[in-house]
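For reference, the structure is listed below as structure tokens.
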Amino acid sequence: MRFSLVLTAMVTVSRSAEALYPINELAVTPAMGWNNWNAFGCSVNEDLLLSTAEKVAAFGLRDVGYQYIVLDDCWSAGRDKDGNLLHDSEKFPHGMKYVADRLHSLGFRFGMYSDAGSSTCGQYVGSLGYEKQDAKTFASWDVDYLKYDNCFNEGLSGTAKITSERYRTMGHALNATGRQILYSMCNWGEDYPWKWAQTVANSWRMSGDIYDSFDRPDPRCPCTGDEGYDCSFPGFHCSAMNILNKAAAFVHTSTPGAWNDLDMLEVGNGGMDDEEYKTHFSMWAAVKSPLLMGNDIAALDTKTLSILTNPAVLAVSQDPVGSPAIRRWRYYVNDTDAYGQGEIQMWSGPLFGGDQLVALLNAGNSTRTMNASLADIFYDYGPEGTAPEVNESWDIHDLWANRMDDATAQNVIDDTATNLTAFYYNATETSYKDGLAANNTLLLGKLTGTVAAGGAIETVLPRHGIALLRLRKR
Ligand code: GAL
């Protein structure tokens with residue numbers, strides 16, 4: 001047991017920034033963008049995509065890194081007599097190549113959606129059996145990203161071999177086009193993609209669909225994560241905590257170029273409070289899930305903007321080491337909300353420059369003091385507090401302390417902001433990797449204290465709140 005822990009530690013610590021399983025050169029850090037599904041479902045059209053893209057750019061979200069504008073289900077109108085996919089010309093009057101051209105000219109990349117089955121989940125035509133033809137069509141439209149869903153797969157699931165071959169067929173077809181197309185698998189964790197999808201896709205969904213709740217259970221999402229890998233029905237209506245608790249068992253299988261996808265963000269959709277959205281966003285960044293905004297950007301409010309643009313948290317997501325934070329402990333607590341069991345957790349993981357991320361998560365129902373010892377934070381580096389890092393002292397950087405204030409955020413939304421250099425990191429100009437190498441202070445949060453060798457961090461956390469901290473050797 002100890003031996004395997006040490007081995008895990010070695011893999012985690014010495015991992016290089018190069019992609020280990022390069023199906024292409026994309027997603028060396030988790031993809032960032034916007035997808036229409038969570039806020040708009042099937043109500044899609046050209047104007048929604050293009051007007052959203054304009055706002056994503058205007059609010060500074062493109063330049064902090066949200067580069068992909070992804071169209072989800074319900075865009076097509078079947079096939080022509082030669083089997084070529086047709087777009088719905090009422091929803092997309094100028095066709096898909098036009099959308100791609102407009103998005104490219106605005107500095108974005110264009111994401112498309114199809115399904116590894118006979119139909120999509122919305123019951124539009126799927127790509128099963130048409131992989132080569134559809135990949136060529138997507139390439140001819142200058143598509144940069146494909147989300148590939150799992151509905152109506154004609155029973156071609158149930159073993160990793162069957163499912164992986166079905167998804168690999170499209171991966172090969174995309175590569176054969178010669179165009180760099182990020183491949184985002186969406187098979188909801190069926191047949192355990194974290195065991196095999198690193199050689200198939202750039203990311204894979206690991207659970208049923210998210211919905212906009214922090215922790216409400218729903219019978220349509222029957223697996224909780226407590227049963228580990230054994231989930232025969234991924235379902236949908238999965239809360240943020242439900243998905244996080246499932247991911248905890250296998251999130252270490254993510255690696256540069258190939259990531260566990262915890263599903264699109266719900267930040268800003270109204271079903272969680274500000275602390276809950278901060279927690280949701282922080283944990284998705286900490287475990288290196290792709291970050292696809294899922295809110296209506298035209299209706300964006302100040303709190304949503306200051307979460308989605310927080311440079312110190314985005315620098316965790318886009319960290320060049322590319323090593324997901326790991327859950328070091330989880331305890332149940334008695335103060336539950338209406339939905340049953342409360343819990344507290346501590347996650348940690350390596351960051352660029354020998355720094356260490358710590359997330360203290362209070363999923364209980366009341367404010368509490370929480371602490372994390374260096375021995376636990378570095379547990380996998382040498383069990384029972386034997387790691388050399390435990391005997392160092394560390395500066396503590398709070399990654400939420402410099403969050404943009406509401407007045408500034410309102411100015412951004414009203415287009416009256418003047419100086420935003422204290423809040424925005426322009427990743428279009430300088431990558432997060434280069435910014436971190438240059439010690440750009442925007443990416444480091446606020447220095448709030450120190451922890452002495454052998455010590456522990458203590459912090460007070462609101463209900464459903466998080467402390468996201470960056471430790472740096474003193
Ligand atoms: C689901 C998928 C969602 C969305 C939806 C569209 O299977 O997980 O993210 O794409 O289909 O119908």
Side-chain angles (χ1 to χ4, degrees), residues 30-45 48-49 52 68-78 85 87-88 91 110-128 134 138 143 145-157 163 166-167 170 182-194 197 201-213 218 220-223 231-240 242-243 246-247 259-267 269 271 280 284 289-296:
M32 292 175 63
W34 177 82
N35 172 305
N36 65 265
W37 181 256
N38 283 353
F40 295 94
C42 272
S43 304
V44 288
N45 57 47
L48 174 69
L49 290 194
T52 298
Y68 289 93
I69 300 291
V70 183
L71 170 60
D72 211 281
D73 202 354
C74 313
W75 58 266
S76 90
L85 279 172
H87 65 272
D88 179 325
K91 294 176 180 169
F110 178 33
M112 253 287 167
Y113 166 97
S114 190
D115 187 290
S118 49
S119 329
T120 70
C121 301
Q123 305 199 18
Y124 294 77
V125 286
S127 291
L128 188 65
D134 291 357
F138 295 139
V143 163
Y145 173 119
L146 180 68
K147 171 174 177 177
Y148 204 40
D149 215 337
N150 192 34
C151 281
F152 302 103
N153 61 34
E154 304 195 339
L156 291 173
S157 66
T163 295
R166 184 163 47 90
Y167 276 90
M170 180 53 98
L182 192 153
Y183 187 26
S184 161
M185 249 178 66
C186 177
N187 84 324
W188 326 309
E190 268 191 12
D191 298 324
Y192 318 126
W194 48 89
N202 294 112
S203 61
W204 52 90
R205 283 270 305 280
M206 43 55 64
S207 127
D209 291 13
I210 194 169
Y211 86 134
D212 191 11
S213 165
D218 189 303
R220 288 165 287 185
C221 179
C223 303
C231 179
S232 55
F233 185 65
F236 57 107
H237 270 217
C238 304
S239 70
N242 171 289
I243 295 175
K246 286 175 186 155
W259 309 99
N260 281 282
D261 177 355
L262 277 66
D263 205 357
M264 301 163 297
L265 298 168
E266 292 286 4
V267 178
N269 281 333
H280 166 34
W284 265 231
S289 172
L291 297 179
L292 276 289
M293 302 182 290
N295 55 314
D296 176 0

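Note that ligands are numbered from 1 as they come in the structure, with each ligand's atoms numbered from 1 the same way. Just so it is clear, the values below take in all heavy atoms, side chains as well, and ignore hydrogens, waters and symmetry mates.
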Is the [X] ring parallel, tilted or perpendicular to the [Y] ring (thresholds 30°, 60°)?
X	Y	value
F40	W34	perpendicular
H280	W284	perpendicular
F138	W75	perpendicular
Y148	Y167	perpendicular

Would you kindly specify which portion of Y113 sits under 4.0 Å from ligand 1, judged on non-hydrogen atoms: side chain, backbone, both or neither?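 Y113 to ligand 1: side-chain contact only, backbone stays beyond 4.0 Å.
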
Mode of C186 contact toward ligand 1 - side chain, backbone, both, neither (heavy atoms, under 4.0 Å):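 Just the side chain.
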
Compare [options] and give the one whose heavy atom is closest to [atom].
atom	options	answer
atom 11 (O) of ligand 1	D149, D209, D261	D149
atom 6 (C) of ligand 1	L292, D72, N36, D115	D72
atom 12 (O) of ligand 1	D73, I210, T120, N38	D73

Within the distance-only criterion (no hydrogens, no angle test), does the side chain of N38 pair as donor or acceptor with the backbone N or O of L265 below 3.5 angstrom?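 Yes.
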
Are any side-chain N or O atoms of N269 and backbone N or O atoms of G294, one a donor and one an acceptor, separated by less than 3.5 Å?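 At least one qualifying donor-acceptor pair exists.
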
Please name the pair of heavy atoms, one in I210 and one in D263, separated by the smallest distance, quoted to 0.1 Å.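 Minimum heavy-atom contact is N-OD2, 2.8 Å.
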
Looking only at non-hydrogen atoms, find the nearest pair between K246 and P234 and report the distance.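 It is NZ-O, 4.4 Å.
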
Mark up the atoms of ligand 1 that fall under 4.0 Å of a heavy atom belonging to [X], in ascending order.
X	answer
W188	7 (O), 8 (O)
C121	1 (C), 7 (O), 11 (O), 12 (O)
M264	9 (O)
K147	3 (C), 4 (C), 9 (O), 10 (O)

Does the residue F236 have a heavy-atom contact with ligand 1, meaning some pair of atoms that are separated by less than 4.0 Å?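 No, F236 has no heavy atoms under 4.0 Å from ligand 1.
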
For D263 and ligand 1, does the shortest N/O to N/O distance drop below 3.5 Å?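 Between D263 and ligand 1 (N or O atoms, distance only) the closest approach is not under 3.5 Å.
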
